[in-house]
Novice: 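Take this structure, written in structure tokens, and hold onto it; I'll ask about it next.
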Amino acid sequence: MGLSNKWVRWGLLNLAIVALYGTLMRYKIAYNFPFFEQKNLLHAHSHFAFGGWVSHLLYTGLTLLVTPFVTAGRRKQYQALVFLNLLGSFGMLVAFTIEGYKAVSIAFSTLSILVAVVFAGIFIRDRRCWPASHPSVPWAAGGLLLNVVSSAGPFSLAYMMATGNVDSSLYLGSIYFYLHFQYNGWFFLGSMALAAALLPPAFFSLKGYFRIFIIAAIPSFFLSVHWAGIPWWLYLATIMAALLQLGAWIVLLVRAKAWYHQNRPARPSYRKHLFFYAAAFALTIKFVLQALSAIPWLSRLVFGFRPIVIAYLHLVLLGVYSLFLIGYYVARQMIRITPVAKAAALLLLIGVICNELFLAVQGFAALAYIPVPFVNELLLGAAVLLLGGAAGLYISQYRKQKAGGY
């Protein structure tokens with residue numbers, strides 16, 4: 001357990017680094033800062049957010065879940081893979097910052113993909129060690145498989161970069177492929193695997209929910225590539241996939257609300273589960289937006305504006321998965337709740353809300369060709385809030401204070 005606690009603290013440090021890079025990029029936009037290439041910082045920021053923050057804590061969580069059912073030797077293998085993923089993530093952070101998308105950064109990216117493949121192979125092989133009724137197994141295995149599938153995107157990009165034969169449509173398609181199967185595959189199913197271990201079995205006793213989400217994840221990719229001119233039958237499949245996912249999620253929320261009202265404690269502590277509520281709300285917005293993006297003219301209109309795309313990506317990465325993971329490790333008592341931690345968590349949540357609000361204002365103002373004064377400065381302020389919250393949360397785990405509940 002001690003090593004796992006250290007991995008969680010590493011995750012919080014990595015979140016602070018992600019926020020630091022976000023702040024630096026926002027400062028370069030708002031003011032003159034000649035050092036570092038903005039594109040290199042963007043690559044470093046995004047790859048480290050995926051590998052060093054979200055994937056790192058998902059691997060850590062799945063390792064904790066599988067630990068009681070495997071041998072000591074196998075546990076060491078899982079821990080070694082968590083370490084190698086961290087090594088690859090920090091390697092990408094440094095290499096992308098210095099040189100961009102070149103040999104060293106591609107090598108570390110390949111290391112992270114190899115970790116994903118090996119972790120998925122070992123975990124799926126160890127399924128027979130789990131109790132047959134354990135609710136996390138299908139979600140975890142499905143998420144790990146889609147994590148491997150998503151690697152086709154970076155390999156395609158690396159091939160184009162290495163050969164110098166860059167096709168714009170294939171380039172964009174490769175990026176969207178990777179993002180889709182990370183956001184809607186690995187991150188979502190991996191998070192559901194962790195949630196399944198916390199929630200009552202009644203929520204995950206039916207395999208139908210898992211089947212809906214993993215099957216729909218494949219055709220819903222084509223929501224991202226309307227411009228590719230997909231045939232009508234595939235377009236119809238994407239609409240059905242988006243509506244199925246939205247419907248399944250709403251049913252899960254209704255069941256969760258009904259269960260909560262039946263089992264509500266005498267003195268419910270809403271603050272204790274604040275991050276879970278916020279993540280569920282953000283995920284609901286995500287599924288609604290995904291369904292709306294099935295309308296071609298609306299998709300072209302809205303997602304043709306970079307601020308709206310960035311707002312959507314941050315809604316999912318920060319609003320859904322980052323808040324969920326913090327809430328999960330608080331619930332597992334692997335993030336200590338001290339006065340500093342409570343203040344930092346609140347600051348982080350405010351930063352997420354402000355970041356989304358300012359990005360939405362910037363994006364919809366761009367639709368109407370209305371300039372928004374000081375919007376870049378406001379976004380920089382939101383980035384500073386995120387940095388302060390993330391750094392404070394990390395520091396709080398090293399301060400010797402009396403822990404308490406929310």
Novice: Is Thr60 reaching over with its side chain to a backbone N or O of His56, donor-acceptor style, under 3.5 angstrom?
Specialist: yes
Novice: Kindly indicate whether the side chain of Thr23, heavy atoms from C-beta on, has any atom under 4.5 Å from the side chain of Tyr27.
Specialist: no
Novice: Give me the atom names and distance for the closest heavy-atom approach of Leu349 to Ala278.
Specialist: CD1-CB, 4.1 Å
Novice: Identify, with sequence neighbours excluded, every residue that meets side-chain contact (heavy atoms from CB on, under 4.5 Å) alongside Leu87.
Specialist: Leu84, Leu111
Novice: Would Phe275 and Phe324 count as a close aromatic pair, with their ring centres under 6.0 Å?
Specialist: no
Novice: Is the shortest heavy-atom distance from the side chain of Phe69 to the side chain of His134 under 4.5 Å?
Specialist: yes
Novice: Can you list the residues that meet the salt bridge (Lys or Arg N to Asp or Glu O under 4.0 Å) rule with Arg211, with sequence neighbours excluded?
Specialist: none
Novice: So which pairs with a foot in residues 74-86 pass side-chain hydrogen bond (donor to acceptor under 3.5 Å, both in side chains), sequence neighbours left out?
Specialist: Trp7-Gln79, Arg74-Gln77, Arg74-Asp126, Tyr78-Asp126
Novice: Judged by atom type as modelled, is there a donor-acceptor pair below 3.5 Å linking the side chain of Ser46 to the main-chain atoms of Leu42?
Specialist: yes
Novice: Using side-chain heavy atoms (C-beta onward) and a distance below 4.5 Å, is Met92 in contact with Ser112?
Specialist: yes
Novice: Please give me the minimum heavy-atom distance between Leu253 and Ala280, naming the atom from each residue.
Specialist: CD2-CB, 4.5 Å
Novice: In chain order, what residues pass the side-chain contact (heavy atoms from CB on, under 4.5 Å) check against Ala291, with sequence neighbours excluded?
Specialist: Ala242, Leu243, Leu246
Novice: In a table with atom names and distances, give each donor-acceptor pair under 3.5 Å that connects a side chain of residues 182-191 to protein atoms at least two apart or in another chain.
Specialist:
residue: Gln182; atom: NE2; partner: Asn147; partner atom: OD1; Å: 2.7
residue: Gln182; atom: NE2; partner: Ser150; partner atom: OG; Å: 2.8
residue: Tyr183; atom: OH; partner: Leu313; partner atom: O; Å: 3.3
residue: Asn184; atom: OD1; partner: Lys286; partner atom: NZ; Å: 2.3
residue: Asn184; atom: ND2; partner: His180; partner atom: O; Å: 3.4
residue: Asn184; atom: ND2; partner: His180; partner atom: ND1; Å: 2.8
residue: Trp186; atom: NE1; partner: Ser55; partner atom: OG; Å: 2.9
residue: Ser191; atom: OG; partner: Phe187; partner atom: O; Å: 2.7

Novice: Tell me, with the steps shown, if Leu244 and Ile215 meet side chain to side chain contact (heavy atoms under 4.5 Å, CB included).
Specialist: CA-CA 10 Å; Leu244 276 173; Ile215 293 173; over 6 Å; no
Novice: Test: salt bridge (charged side-chain N to carboxylate O under 4.0 Å, His left out). Region: residues 13-42. Which pairs qualify, not counting sequence neighbours?
Specialist: none
Novice: Taking only residues two or more places apart in sequence, or in another chain, which ones meet Phe90 in a ring-ring contact (aromatic ring centres under 6.0 Å, His included)?
Specialist: Trp10, Phe48
Novice: Residues two or more places apart in sequence or in another chain: which of them pass side-chain contact (heavy atoms from CB on, under 4.5 Å) with Val94?
Specialist: Ile98
Novice: Closest approach of Ala390 and Ala16, non-hydrogen atoms and distance?
Specialist: CB-CA, 3.7 Å
Novice: Could you state the interatomic distance from NZ (Lys6) to CD (Gln397), rounded to the nearest 0.5 Å?
Specialist: 14.5 Å
Novice: With a 4.5 Å limit on heavy-atom distance, are the side chains of Phe108 and Leu93 in contact?
Specialist: no
Novice: Starting at CG of Leu15, measure out to CG of Leu325 and round the result to the nearest 0.5 Å.
Specialist: 9.5 Å
Novice: With sequence neighbours left out, which residue pairs that include part of residues 229-245 fulfil the side-chain hydrogen bond (donor to acceptor under 3.5 Å, both in side chains) condition?
Specialist: Gln245-Gln290
Novice: Looking at Tyr209, Phe210, Phe123, which one forms a ring pair (Phe, Tyr, Trp, His ring centres under 6.0 Å) with Trp139?
Specialist: Phe210
Novice: Return the CG to CD1 distance between Leu380 and Ile29, rounded to the nearest 0.5 Å.
Specialist: 9.5 Å
Novice: Any donor and acceptor pair, going by atom type alone, linking the side chain of Ser396 with main-chain N or O of Leu393 inside 3.5 Å?
Specialist: yes
Novice: Can you check whether Leu57's main-chain N or O pairs, donor with acceptor, with Tyr329's side chain at less than 3.5 Å?
Specialist: yes
Novice: Within the structure provided, determine whether Val340 and Ile395 are in side-chain contact (heavy-atom separation under 4.5 Å).
Specialist: no
Novice: Ring centroids only, cut at 6.0 angstrom: are Tyr21 and His45 within range, meaning strictly under it?
Specialist: no
Novice: Tell me every residue that passes side-chain hydrogen bond (donor to acceptor under 3.5 Å, both in side chains) with Ser322, counting only those two or more places apart in sequence or in another chain.
Specialist: Trp53
Novice: Working to the nearest 0.5 angstrom, can you tell me the gap between Tyr171 OH and Leu157 CG?
Specialist: 6.0 Å
Novice: How close do Pro219 and Ala241 get, counting heavy atoms only, and between which atoms?
Specialist: CG-CB, 3.6 Å
Novice: For a 4.5 angstrom cut-off between non-hydrogen side-chain atoms, does Asn14 reach Leu86?
Specialist: yes
Novice: Is there a side-chain contact between Leu198 and Tyr328 in this structure, where contact means two heavy atoms from C-beta onward sitting under 4.5 Å apart?
Specialist: yes
Novice: With side chain to side chain contact (heavy atoms under 4.5 Å, CB included) as the criterion, how do Leu64 and Leu194 come out once you've worked through the C-alpha distance, each side chain's angles and the decisive distance to 0.1 Å?
Specialist: CA-CA 10 Å; Leu64 282 170; Leu194 301 186; over 6 Å; no
Novice: Tell me if the aromatic rings of Phe281 and Tyr277 count as close, with their centers under 6.0 Å from one another.
Specialist: no
Novice: Which heavy atom of Val104 sits nearest a heavy atom of Ala95, and at what distance?
Specialist: CG1-CB, 3.8 Å
Novice: Would Asn376 and Gln362 count as a side chain to side chain contact (heavy atoms under 4.5 Å, CB included) here? Give the steps.
Specialist: CA-CA 9 Å; Asn376 289 326; Gln362 184 185 41; 3.7 Å; yes
Novice: Quick one: do Phe221 and Phe177 satisfy ring-ring contact (aromatic ring centres under 6.0 Å, His included)? Show the steps, please.
Specialist: CA-CA 7 Å; Phe221 159 68; Phe177 186 92; 5.3 Å; yes
Novice: Would you give the length of the straight line joining atom CD1 of Ile326 to atom CG of Leu12, rounded to the nearest 0.5 angstrom?
Specialist: 7.0 Å
Novice: Given the rule in the side chain to side chain contact (heavy atoms under 4.5 Å, CB included) test, do Ser174 and Leu170 qualify, once you have shown the distances and angles that lead to the verdict?
Specialist: CA-CA 6 Å; Ser174 299; Leu170 185 57; 4.2 Å; yes
Novice: I need the minimum non-hydrogen distance between Pro154 and Ile113, along with the two atoms involved.
Specialist: CB-CD1, 4.1 Å
Novice: With a 4.5 Å heavy-atom cut-off, do Leu144 and Leu62 have their side chains touching?
Specialist: yes
Novice: Rounded to the nearest 0.5 Å, what separates atom CG in Leu357 from atom CG in Leu379?
Specialist: 9.5 Å
Novice: Phe36: what forms a side-chain contact (heavy atoms from CB on, under 4.5 Å) with it, not counting sequence neighbours?
Specialist: Leu24, Phe33, Leu41, Thr97
Novice: Looking at residues at least two apart in the chain, or sitting in another chain, which of them share a side-chain hydrogen bond (donor to acceptor under 3.5 Å, both in side chains) with Ser151?
Specialist: none
